[in-house]
Amino acid sequence: MPMDRMTWQVAGPIGKIVPSSVARVTVLLFALCCKSMQSLGVPGYVLTAPATVSVQRGLCVSIPCNFTYNEQHHTSSGQLRGYWFKYTTTEQYYTRPYSSKQHGLLVATNDDNGIIDTSAWKRFKLTGDPAQGSCSFSISDAQQNDQGRYFFRIVAGGRLKYNYQENPDGTSAFLRVDVTELTEKPVILNSSEVVRGRPVTFTCWAWGVCPGPPEPIISWIREGTYSQIQGSPESNRHSNGSQMYGSSITFTPSSTDQGKVLTCHVTYRADRTGRNSIHLDIAYPPSDVEIAVEVTSPGGQPGSSSRIVGGDLASVMTREGDKVSLICQTDGKPDPTLIWTKENRNLSNPKQGRKYTHLLTLVREEDAGEYRCRAENPHGSANKTFRLVVQYAPKRSRNPQTHTTCQHEDNRLLCTCSLHSRPPPQIYWQVMGEDISENMTKGSLRVTSRVQGDEVTSTLIWTGSLDGDHSIICLGNNSIGIYTMHFLLSSLKTDHYKTLLISGLCGALLAAGVILLVLCLIKFYKKRKASPKAGSTEAAEAVNGIHQRVHNPSQIYSNIPPVIPRTPQVGKPKAAGERNAKPDHRSRVPNPNTDDPEDVHYAALEFKQKNKATPEVESPEVESVEYSEIKRK
């Protein structure tokens, strides 16, 4: 037989020689059977690991792995060695001396004689302890050529040698690693809401980084500042088994930080970086509350305008009848709730926003007082206060204990005039054309005054003979208007005249009653005979209405002060004698076409001197009376 050919001969079961071709087939079938038994998995040999692991290029991944084996096969006391291979179709030596081969490149092992492939040098690491049944390993700075299938092998003295490629249940024991491009961004989290003036901490987490060097470098960039801080590992693990590195920065934001960009920059290696940015959204409590007060006169003309920015309790002047707009403006985030109050009483419902206007359509005397605008949100509050001063023309005293009256005491006349206004009024008197000012004595006339806040009370004392007719006028004025009160005094010297006068008046009234009764009977008789017509009926009703208005005393003595401020009088008012030399003894109807520029008020007085008694005579309830006299009998 030629030397270059070898023939295998195997003895058959009956001692015959089996042909060489049959022997070769028998050996191959035996080898395939043995290999098939290992690929199908052996009971007791199970590997538990993720079927697929994905890692971004330049990052790192830690792969958890556990395995079991049949301990009966571990007959030697030698070290249990584990090997991770990247599967290849060709066999490669993986130990020294170069005696052991596998269809794969050795990338991680705990065998000191293992031959690590140069592509995995210092990047792959067996992190688990095979003696404890752990086959965990890690890949750092993942490269594109790391992608592929991996399997695990264990070796110990004796019979223990096994490749985990398929589990007994038929599941694959191969591990697939996919490498993708770097898209992972660091995650920025803050510890609490970002509020102006309060310290806040931001933390940047770099995902997908394995324990151990090189650790990533995390840098913070806050528009205008730069901080480089090396992170520290956390015990938490990512879903793919990798650990996280975090870096924190703490600062106190100010109003200038609103909208600025905060960036976390992570450097894994020179050509592997990641970054993420956020815009600072800073909340802050209300501040810089500003109040504006705009005044419009009753005629629609713009009046004064004030703006309160500084301290509280600033005063704003307005006049009775003006329209006033109270405007409150502030800032704050989130938008604050604004509310207007007067003397701690809400003027309207709260409103959310940065501007709130409250309108006083027709300012009155009682609208004067302290006003406050308050702004608040969850982070704080602020307010601004001012005082509204309402100016108005003089009015009769609102104090029920103060009366504007004249009364006769013994041999003198005592008249009191009490008025209030803002600014306080100045009061002076006119007696029979003579001007008597405050705290002045002129002949038998003397005037004294008392001031209490906005109220002034002036007293006129007139001594001596008071027989005859007299006219006394009380005038109060300020920059807004004038108030005038007339006292018409009429008296007779003896009681005899008074008795005659009363008797005459009674007789006249009785005669007038009889005449009126007769006229009514005649009118009634004529109506029954006459045929009424629509036109004549309306005319009669019109005449009757005019007659009733003329004789309606409430129209004569009514006193309705004007709503708008009165124009100050230029010069001194005329004396009573010049205005009406001597009033007659009849009530007169005022001419509706006459426009009296002054608001004049009249009071009628009666004096009795029986047994020297001096009863008090008060002014009537109504202030405006045409000339009305009451004479002593």
Side-chain angles (χ1 to χ4, degrees), residues 295 297-299 303-304 315 317-322 363-368 389-399 402-406 414-442 445-462 470-488 559-580 594-603 619 622-627:
V295 180
S297 65
S304 60
S315 295
M317 305 292 291
T318 184
R319 291 187 176 190
E320 195 171 43
D322 286 346
V363 173
R364 297 173 296 175
E365 173 191 348
E366 53 268 27
D367 289 327
V389 179
V390 179
Q391 296 181 329
Y392 56 95
K395 303 177 183 179
R396 290 184 62 177
S397 173
R398 51 178 172 251
N399 188 350
T402 304
H403 300 283
T404 299
T405 62
C406 280
L414 184 65
C415 294
T416 301
C417 185
S418 184
L419 306 175
H420 70 93
S421 65
R422 187 173 293 121
Q426 292 182 341
I427 300 179
Y428 61 97
W429 298 80
Q430 285 185 352
V431 181
M432 302 301 293
E434 294 283 344
D435 292 337
I436 310 295
S437 59
E438 297 178 356
N439 301 320
M440 175 181 178
T441 300
K442 191 172 185 180
L445 301 172
R446 182 166 60 92
V447 174
T448 61
S449 62
R450 182 179 72 254
V451 180
Q452 291 182 335
D454 294 335
E455 187 165 294
V456 177
T457 300
S458 179
T459 303
L460 171 68
I461 303 175
W462 187 1
H470 306 286
S471 174
I472 299 177
I473 303 175
C474 171
L475 299 102
N477 73 321
N478 64 6
S479 59
I480 310 301
I482 298 176
Y483 183 94
T484 304
M485 171 64 74
H486 281 206
F487 299 94
L488 302 181
N559 176 26
I560 302 175
V563 175
I564 60 173
R566 293 178 287 275
T567 305
Q569 176 177 322
V570 180
K572 296 183 180 179
K574 295 181 180 181
E578 297 174 2
R579 188 184 299 268
N580 224 331
T594 302
D595 186 10
D596 192 351
E598 298 181 359
D599 188 7
V600 183
H601 305 269
Y602 299 95
S619 300
V622 293
E623 296 179 358
S624 179
V625 181
E626 284 292 332
Y627 292 91

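Keep in mind that what you see is a predicted model, and the values were worked out from it rather than measured.
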Identify each donor-acceptor pair in which a side-chain atom of residues 418-425 lies under 3.5 Å from a protein atom, sequence neighbours left out, and give them as a table.
residue: Ser418; atom: OG; partner: Thr457; partner atom: OG1; Å: 3.0
residue: His420; atom: ND1; partner: Tyr392; partner atom: OH; Å: 2.9
residue: His420; atom: ND1; partner: Arg398; partner atom: NH1; Å: 2.8
residue: His420; atom: NE2; partner: Arg396; partner atom: O; Å: 3.3
residue: Ser421; atom: OG; partner: Pro423; partner atom: O; Å: 2.7
residue: Ser421; atom: OG; partner: Asn478; partner atom: ND2; Å: 3.2
residue: Arg422; atom: NE; partner: Asp454; partner atom: OD2; Å: 3.1
residue: Arg422; atom: NH1; partner: Val390; partner atom: O; Å: 3.0
residue: Arg422; atom: NH2; partner: Asp454; partner atom: OD2; Å: 2.8

Full working for side chain to side chain contact (heavy atoms under 4.5 Å, CB included) between Ile472 and Trp462: CA-CA 11 Å; Ile472 299 177; Trp462 187 1; 4.0 Å; yes
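- Interatomic distance, CD1 of Ile427 versus CD1 of Ile436, reported as 15.0 Å (0.5 Å rounding).
- When side chains are defined from C-beta on, Trp429 does not count as touching Asp435, because their heavy atoms never get closer than 4.5 Å.
- Note that CG of Asp322 and CG of Asp367 are 11.0 Å apart. Values are rounded to the nearest 0.5 Å.
- The OG1 atom of Thr405 sits 7.0 Å away from atom CZ of Phe487, with the distance rounded to the nearest 0.5 Å.
- Checked against Thr448 for a side chain to side chain contact (heavy atoms under 4.5 Å, CB included), the options Leu460, Thr459, Thr441, Ile461 give a single hit: Thr459.
- The shortest side-chain heavy-atom distance between Val447 and Ser437 does not fall under the 4.5 Å cut-off.
- Around the CD atom of Glu365, the shell of radius 6.0 Å holds more than 12 heavy atoms that belong to other residues, nucleotides or ligands.
- Within the model, atoms CE of Met432 and CD1 of Ile473 stand 10.0 Å from one another, a figure rounded to the nearest 0.5 Å.
- Between the side chains of Ser479 and Gln391, no donor-acceptor pair is found at a separation under 3.5 Å.
- The structure places NZ of Lys442 at 4.0 Å from CD of Glu434, a figure rounded to the nearest 0.5 Å.
- Under the 2.5 Å cut-off for SG-SG separation, Cys474 and Cys417 qualify: their sulfur atoms lie closer than that.
- Between Glu320 and Lys395 there is a salt bridge, since a side-chain N of the basic residue sits under 4.0 Å from a carboxylate O of the acidic one.
- To the nearest 0.5 Å, atoms CD (Gln430) and CG (Leu475) are separated by 5.5 Å.
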